[in-house]
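Letters go in sequence order (proteins before strands), and every chain restarts at 1. Worth saying up front: this structure is predicted, and the values here are computed from it rather than measured.
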Amino acid sequence: MNSREAETLPPPSRDNLAARLDETAAALEHARRKRDEVECEHNTLMNLVVIMRGLHETLDPDVVSEVVRDVIVNLVGCEEVAFYAPASDVEGTLARRWEVGGVGPERIASSSDLGHLLTSPTPHVIHRESIATRPRDQPSAVIPMWVEGHHMGSIVLFGLLPQRPRYERLDREIFDVLSVHGAIALYSAALHGRFSARAPDAGRP
Amino acid sequence: MKKRILIVDDSPTVLMLHKMILQEEGYDVVSAKNGREALDVASRERPDAILLDLVMPGMDGLAALAALRARTETAKTPVVVVTTRSEERFATEAVAAGCDAYLLKPFERSDLSATLGALLGIGGDA
C-alpha cells in the first residue's frame, strides 16, 4: 500500500497505519543506535587486541616502552608524555626514564600530590574536560603500572593533540589495558633479562 | 576482485590496527614502514589506494607522495594522508603534492571506510 492509497482509507485504519509507521520508525532508530554501539564496541576491542599483541609479543623492555609510546601517540593522540619508574639511587623518588615532547620534571617525590597519583593502583584522568585550557606543566592523566605488588612505573600524559579536546571512553579502556598489561609486559621482560643473564642458553626453546 | 590497499606508517601499532580494520572490510592489504619502502611496494603490488603517514624516518610522507605522483604507474592512485599533524600548512602541502584526502589520527573506523569507499567508488565492503 502506498501513501496515496493510505490517505483514502477510513480514519481508524489510517490511525492504525500511522501508529505502525511510528513504531517502525522507532524500531529502526533503535536498531541504528544498537548498530552504532556494536561498531563502537568492536572498534574498542580491536584497539585493545592490537595493544595487547604489541605488548606481549616481545621480551625486550625497550620494545615494550616503544609500544607504550606508540599507543599513546597514535591511538590516544598525545604527543606530550613521560614515563617514570622508582629511582634506584634516591629512595622515595620517581625518575623520568623517557619522554616525548620535552615534558615532565626529571624527578618526582613519591610523597608529593603527583607522586601519590603515580604510585596509586589505578589510572586517573585528572582533566575530564577541555584539556587544552589546563596549565601546560600539569598532567591530564596518569597511568600507574603495578603487578604483584611491584610498581613497574607510571605513564604521565600532559597535552593532547588539537583534534582531541578530551579523553573518551576508548582512551580510558586503553589506560586500563596499559596499566595492567603494560606492567605484566615490563615485569616479564625484566625477569627474562635477569634469567638470560644468569643462564644465557637456558631460555632457548 | 578485492581492492588492494598499501598502508605506509612507521608505527607498528598503526600498521597492525589499520591492517585488521581493512582486512575485515574485505580489502587486500600490503604495508611499508617508510616512504622509500612505499615506493618499492607500490611498484611491485600496484595498490588501488594508499594510506600514507606524513612524519616518518628516512623518506617522509610528502617526499614519498611527490615521488608517487612522478611515476606513471602511481600518478593517479588515490592517496589518503593519515597523520597526527593538524596544522594547516601540512594539509596545504599535502594537497599541493597531490593527496586526495587528509585524515587526522586518531580517527573513527567509519571515517576511514567512508574515505576509502568514496575514493574507490564503492559503497560498502570492498
Side-chain angles (χ1 to χ4, degrees), chain A residues 32 35-58 60 62-81 100-101 132 157 159-171 173-174 177-178 181-182 185, chain B residues 5 7-27 29 31-34 51-57 60-61 80-92 94 101-117 123-125:
Chain A
R32 272 200 203 106
R35 186 200 59 197
D36 290 347
E37 278 173 28
V38 170
E39 269 183 17
C40 181
E41 197 64 34
H42 185 64
N43 186 45
T44 300
L45 289 174
M46 215 175 239
N47 273 270
L48 302 186
V49 165
V50 166
I51 295 167
M52 283 199 265
R53 274 179 62 176
L55 289 172
H56 293 304
E57 68 184 7
T58 180
D60 182 336
D62 292 337
V63 177
V64 174
S65 293
E66 274 172 33
V67 172
V68 170
R69 266 195 298 269
D70 199 14
V71 167
I72 296 291
V73 171
N74 286 295
L75 301 191
V76 176
C78 170
E79 290 185 339
E80 293 178 357
V81 56
V100 178
L157 291 84
L160 287 178
L161 291 167
Q163 61 266 35
R164 296 296 324 275
R166 67 184 66 83
Y167 294 113
E168 308 287 348
R169 186 187 145 219
L170 174 59
D171 300 311
E173 300 263 11
I174 290 174
V177 164
L178 286 177
H181 289 271
Chain B
I5 311 294
I7 311 171
V8 190
D9 206 303
D10 62 323
S11 156
T13 308
V14 169
L15 279 183
M16 202 193 296
L17 181 63
H18 291 177
K19 194 171 180 181
M20 279 172 73
I21 291 172
L22 294 175
Q23 282 178 336
E24 199 173 74
E25 299 205 355
Y27 292 105
V29 180
S31 63
K33 292 190 286 292
N34 56 54
L51 299 185
L52 183 65
D53 186 19
L54 279 190
V55 184
M56 293 182 289
D60 68 14
V80 182
V81 164
V82 175
T83 180
T84 56
R85 304 267 58 93
S86 60
E87 298 92 324
E88 198 177 334
R89 67 183 175 90
F90 283 99
T92 306
Y102 196 89
L103 271 182
L104 286 176
K105 284 195 273 191
F107 50 75
E108 296 288 324
R109 174 188 176 145
S110 53
D111 294 335
L112 178 61
S113 308
T115 304
L116 275 178
D125 289 353

Which region of [X], side chain (C-beta onward) or backbone (N, CA, C, O), has a non-hydrogen atom less than 4.5 Å from a non-hydrogen atom of chain B, or is it both or neither?
X        : answer
A:Asn74  : both
A:Arg69  : neither
A:Leu161 : side chain
A:Glu66  : neither
A:Glu168 : neither

Item to complete: Would you mind telling me which of B:Leu17, B:Asp53, B:Leu15 makes a side-chain contact (heavy atoms from CB on, under 4.5 Å) with B:Ile7?
Response: B:Leu15
Worksheet item: In terms of heavy-atom pairs under 4.5 Å with chain B, which of A:Val76, A:Leu170, A:Val50 leads?
Response: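 The option with the most such pairs is A:Val50.
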Item to complete: Sort and list the pairs that fulfil salt bridge (Lys or Arg N to Asp or Glu O under 4.0 Å) and have at least one residue in residues 7-16 of chain B, not counting sequence neighbours.
Response: B:Asp9-B:Lys105
Worksheet item: Which pair of heavy atoms, one from B:Thr84 and one from A:Gln163, lies closest together, and at what distance?
Response: O-NE2, 3.1 Å
Fill in: Distance-only side-chain donor-acceptor flag, B:Ser110 / A:Glu39, under 3.5 Å
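Looking only at side-chain atoms, A:Glu39 and B:Ser110 do not form any donor-acceptor pair under 3.5 Å.
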Discussion item. Taking ring pair (Phe, Tyr, Trp, His ring centres under 6.0 Å) as the definition, give me every residue that meets it alongside A:His56, ordered by chain and number, with sequence neighbours left out.
Written reply: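 Listed in chain order: A:His181.
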